Amino acid sequence: MKNQEIAKIFYEIANYLEMEGVAFKPYAYQKAALTLEGLEKDVEEIYKEGGREALLKIPGIGESMAEKIEEYLKTGKIKYYEELKKKTPVNIEELMAVEGMGPKKAKVLYQKLGIRNLKDLEKAAKSHKIASLFGFGEKTEKNILEGINFLKRSKGRFLLGEILPTVKEVYQKLKSLKEVEKIDPAGSVRRMKETIGDVDFLVISKNPGKVMDFFVRFPGIIKIWGKGSTKSSVRMREGFDMDIRVVPARSYGSALQYFTGSKEHNIATRKIAMDRNLKLSEYGLFRGPKMIAGKTEEEVYKALGMQWIPPEMRENQGEIEAALSGKLPQIIGYKDIKGDLHCHSQWDGGTNTIMEMVKAAQNMGYEYIGISDHTKFLRIEHGLDEKKLSQQRKEIDKLNTKYKILNTKFKILQGCEANILNDGSIDIRDEALKKLDYVIAGVHSNFKMPKEKMTERIINVMKNPDIDIISHPTGRILKRRDEYQIDFDKILRVAEETGTILEINSFPERLDLNAENIRRAKEAGVKMVINTDSHHKDQLRFIEFGIAQARRGWAEKEDIINTQPLEKLLKLLNNYASRAFSRSSNF
DNA sequence: GCCGTTTTCGGCCCGACTGTTTTCAGTCG
Ligand SMILES: Nc1nc2c(ncn2[C@H]2C[C@H](O)[C@@H](COP(=O)(O)OP(=O)(O)OP(=O)(O)O)O2)c(=O)[nH]1
Ligand SMILES: [Mg+2]
Ligand SMILES: [Mg+2]
Ligand SMILES: [Zn+2]
């Protein structure tokens with residue numbers, strides 16, 4: 001898939017143009033790059049299916065960029081870009097990664113000192129060649145050196161699940177300050193994005209100075225990037241930045257709207273305001289000098305003629321248009337999940353016994369849990385064979401009887417997470433599968449198959465009437481492994497035909513399906529299930545991360561099968577299996 | 001370079017902080 005490559009080139013073009021001082025074009029390229037980056041469908045496929053016309057339908061792509069994409073797909077190069085690069089042979093991305101360095105400074109440094117990369121920059125700063133340049137100075141030079149050092153130590157974006165505990169700690173500490181009237185996490189944390197670049201907090205206070213003084217003295221801060229009366233920014237020991245914004249109570253809603261983002265959502269919302277001869281900023285919504293909204297987010301959106309938009313959806317992916325026409329979907333809520341169908345127990349080397357998992361599930365307020373241990377192909381994971389599965393069945397039956405006697409409604413289901421082998425067969429015999437309440441199948445080996453083969457492999461499994469759910473369908477591991485090559489449109493078609501359910505895996509490094517694919521699945525009429533893949537009872541809590549992605553993917557309650565009570569769930573699983581069977585027997 | 005139920009041309013979000021500058025450009029959110 002060449003989406004990322006082309007996006008990267010467009011970002012670079014934007015940077016080169018910005019260096020030259022060209023107006024507006026850089027933003028056009030950036031916007032197109034961002035869209036390509038987030039596009040789950042392969043541009044090459046879009047082009048093959050619909051030619052240049054289809055490319056033009058992508059928002060932010062016009063004649064000029066469509067032509068460049070076409071050129072890249074055909075020749076592997078974009079002449080315009082190659083020429084820009086030849087003219088200014090600078091690793092601009094690397095230089096701009098240094099805090100405080102942008103295209104304008106990079107240009108001067110290249111022209112005056114021939115600086116082309118980070119190494120050149122460090123050398124020049126160390127030998128004090130920068131301070132004397134026009135527009136630069138001692139402090140700039142020092143900041144550059146410091147910036148380089150922090151950059152070298154930086155670890156990139158953090159997983160939401162990895163950073164959230166720290167966020168909660170800081171939140172509590174800030175909240176305890178008496179000058180803090182109200183505080184909320186904002187930015188990507190409030191939107192529950194799968195990865196977090198930095199942590200943003202919004203505060204109401206009548207005494208911003210005090211709040212800022214307290215904030216920048218926080219334990220664990222290793223660098224203060226900036227400190228003002230309304231806004232400060234710091235680097236934490238753990239390697240991430242924190243931004244804080246302080247506003248008066250009357251602006252809290254508009255400030256929360258601003259600071260929650262996303263940037264693209266903000267710009268689009270501000271354009272709606274402009275269309276109505278209004279101005280929207282973090283301080284409020286204004287008609288001329290008159291403030292007409294700002295205290296709450298609801299008020300701000302309402303004054304713009306919009307429904308309030310859940311933070312997870314604020315990505316400028318159509319939510320603004322939907323909110324304007326009152327057609328936002330009723331997305332799934334954080335309390336709508338009635339049970340978790342992907343849980344591992346001690347049987348396959350997980351941490352907890354079935355009983356311990358059950359108790360944890362009950363604490364979550366669930367009505368059921370599905371135990372889905374690995375199967376025998378995965379020897380390192382102590383995968384269960386047919387015999388073990390039947391022994392496990394006996395234990396689960398016993399526990400269920402106990403619950404019946406105790407007259408609780410709670411039910412334990414027995415599933416398994418079987419392995420999809422290279423040819424799309426399963427490592428457990430059919431007779432054994434039929435004795436389970438449901439079957440999950442997932443790819444756990446041989447991730448690098450060519451697209452056609454991998455797609456065929458998964459499709460074969462979906463046509464198997466005994467298989468109900470495909471776990472982590474694209475196989476990505478955040479920050480570590482890309483999705484495997486699949487034709488997701490084809491997979492969606494077959495999933496719809498066979499009634500196979502696709503998993504939204506809530507494990508922090510998976511979150512697979514992602515939001516964009518969830519939206520595609522919903523549009524294709526494919527049902528999904530939100531699971532945690534817990535290997536420890538405490539991991540049942542991960543469900544909120546999966547729900548957040550589902551919300552960003554516009555999923556409603558009825559798109560997610562485990563929002564249903566047990567009886568309905570069983571019917572859905574069974575229905576789908578028998579439907580799949582009747583269809584596949586007609587082939 | 002892109003885009004359009006007010007536009008096919010004329011706009012393109014709006015504001016804070018810093019360092020360098022004698023009044024603002026650059027960078028960032
Ligand atoms: N209006 C406007 N708002 C912006 C702009 N840049 C950032 N914001 C707002 C929206 C962002 O969600 C919020 C926080 O900025 P961040 O850079 O921290 O982005 P965000 O938290 O969304 O993502 P992150 O995970 O930190 O990369 O500030 C901008 O250029 N214009
Ligand atoms: Mg930078
Ligand atoms: Mg942020
Ligand atoms: Zn699993």
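Just so it is clear, the model here is predicted, and its values are computed rather than measured. Chain naming here is simple, since letters A, B, ... match the order of the sequence lines and numbering starts at 1 in each. Worth knowing before you read on, the calculation uses all heavy atoms, side chains too, and leaves out hydrogens, waters and symmetry mates.
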B:dT20 phosphate, OP1 or OP2: any side-chain N/O from A:Thr140 under 4.0 angstrom?
yes

Do A:Val90 and A:Lys107 make a side-chain contact, defined as non-hydrogen atoms from C-beta onward lying under 4.5 Å apart?
no

Against the side chain of A:Glu282, the closest entry in B:dG1, B:dG15, B:dT27 is B:dG15

For this session: Taking the side chain as every heavy atom from C-beta outward, state whether A:Trp308 and A:Thr296 have any atom pair closer than 4.5 Å.
Result: no

By a 5.5 angstrom centroid cut-off and a 30 degree plane limit, is there stacking between A:Phe136 and B:dT20? no

Report task. Would you mind classifying the nucleic acid contact of A:Pro103 as base, sugar-phosphate or nothing, using non-hydrogen atoms under 4.0 angstrom? Result -> sugar-phosphate

Exercise. Base, sugar-phosphate, or nothing for A:Tyr258, non-hydrogen atoms under 4.0 angstrom?
Worked result: base

Taking B:dT20 as the reference, what is the distance to B:dC28 when you measure between their P atoms (whole Å, please)?
16 Å

Of the candidates B:dT20, B:dC12, B:dC2, the side chain of A:Lys139 sits closest to B:dT20

inquiry  = Please classify the nucleic acid contact of A:Lys25 as base, sugar-phosphate, or nothing, using heavy-atom distances under 4.0 Å.
reply    = base

In short, A:Arg245 meets A:Tyr283 closest at the heavy-atom pair NH2-OH, 3.2 Å

query = Can you tell me how far C1' in B:dG15 sits from the matching atom in B:dG10, rounded to whole Å?
reply = 24 Å

task = Indicate whether the side chain of A:Lys31 and that of A:Thr35 have a donor and an acceptor atom separated by less than 3.5 Å.
result = no

A:Glu146 atom CD is separated from B:dG19 atom P, nearest whole Å, by 11 Å

- Message: With a 4.0 Å cutoff (strictly under), does any side-chain N or O of A:Lys271 reach OP1 or OP2 of B:dG11?
- Response: no

Once the angle between the rings of A:Tyr29 and A:Phe10 is folded into 0 to 90°, is it parallel (under 30°), tilted (30 to 60°) or perpendicular (over 60°)? perpendicular

With sugar-phosphate meaning primed atoms plus P, OP1 and OP2, does A:Asn266 contact a base, only sugar-phosphate, or nothing at under 4.0 Å between heavy atoms? nothing

Have a look at A:Lys31 and say if it touches a base, only the backbone sugar-phosphate, or nothing, with a 4.0 Å heavy-atom cut-off.
-> nothing

Taken to the nearest whole Å, CZ/A:Arg245 to C1'/B:dG15 is 7 Å

Rounded distance in Å between the P positions of B:dC2 and B:dC13
16 Å

task = Considering only atom C1', compute the distance from B:dT23 to B:dT18 and round it to an integer number of Å.
result = 15 Å

note: A:Trp225, atom CH2; B:dG19, atom P; distance rounded to Å ~ 12 Å

According to a strict under-4.0 Å criterion, is A:Ser64 in side-chain N/O contact with OP1 or OP2 of B:dG1?
yes

Taking a pair to mean Watson-Crick or G-U wobble geometry with both distances below 3.5 Å, B:dT8 pairs with none

Taking for A:Pro59 and for A:Phe24 the nucleotide of DNA chain B with the nearest heavy atom, the one nearer the 5' end belongs to A:Pro59

Students often get this wrong, so: under 4.0 angstrom with heavy atoms, is A:Leu17 touching a base, only sugar-phosphate, or nothing? nothing

Between CG of A:Asp200 and P of B:dG15 the distance, given in whole Å, is 19 Å

Could you go through A:Glu122 and A:Lys152, starting from their C-alpha distance and side-chain angles, then the distance that decides it, and tell me whether this counts as salt bridge (charged side-chain N to carboxylate O under 4.0 Å, His left out)? CA-CA 11 Å; A:Glu122 185 169 19; A:Lys152 282 182 178 166; 3.0 Å; yes

query = Any side-chain N or O of A:Lys231 less than 4.0 Å from the OP1 or OP2 oxygen of B:dC17?
reply = no

_For the C1' atoms, the ones on B:dG1 and on B:dT8, what distance do you get once it is rounded to whole angstrom?_
14 Å

Is there a side chain to side chain donor-acceptor pair (under 3.5 Å) between A:Tyr11 and A:Glu93? Walk through the geometry before answering. CA-CA 9 Å; A:Tyr11 278 126; A:Glu93 192 195 2; over 6 Å; no

Classify the ring geometry of A:Phe214 against A:Phe218: parallel below 30°, tilted from 30° to 60°, perpendicular beyond 60°. perpendicular

*Mind checking the C1' distance from B:dC17 to B:dT6? Whole angstroms is fine.*
38 Å

- Task: Could you tell me whether A:Ser232 contacts a base, only the sugar-phosphate backbone, or nothing, with contacts defined as non-hydrogen atoms closer than 4.0 Å?
- Result: nothing

The answer to which of A:Lys279 and A:Gly60 contacts DNA chain B further toward the 5' end, by nearest nucleotide, is A:Gly60

Between CZ of A:Phe134 and P of B:dC24 the distance, given in whole Å, is 14 Å

The nucleotide from B:dC28, B:dC14, B:dA16 with an atom nearest the side chain of A:Thr230 is B:dA16

Per atom distances to the A:Lys68 side chain, the nearest of B:dG29, B:dG1, B:dT6 is B:dG1

To the nearest angstrom, the CD-C1' distance between A:Gln30 and B:dT27 comes to 13 Å

Checking B:dC13, B:dG15, B:dG29 against the side chain of A:Ser281 (C-beta onward), the nearest is B:dG15

note: A:Glu99, atom CD; B:dG26, atom P; distance rounded to Å ~ 17 Å

Whole-Å distance, A:Ile224 CD1 to B:dG19 C1', equals 17 Å

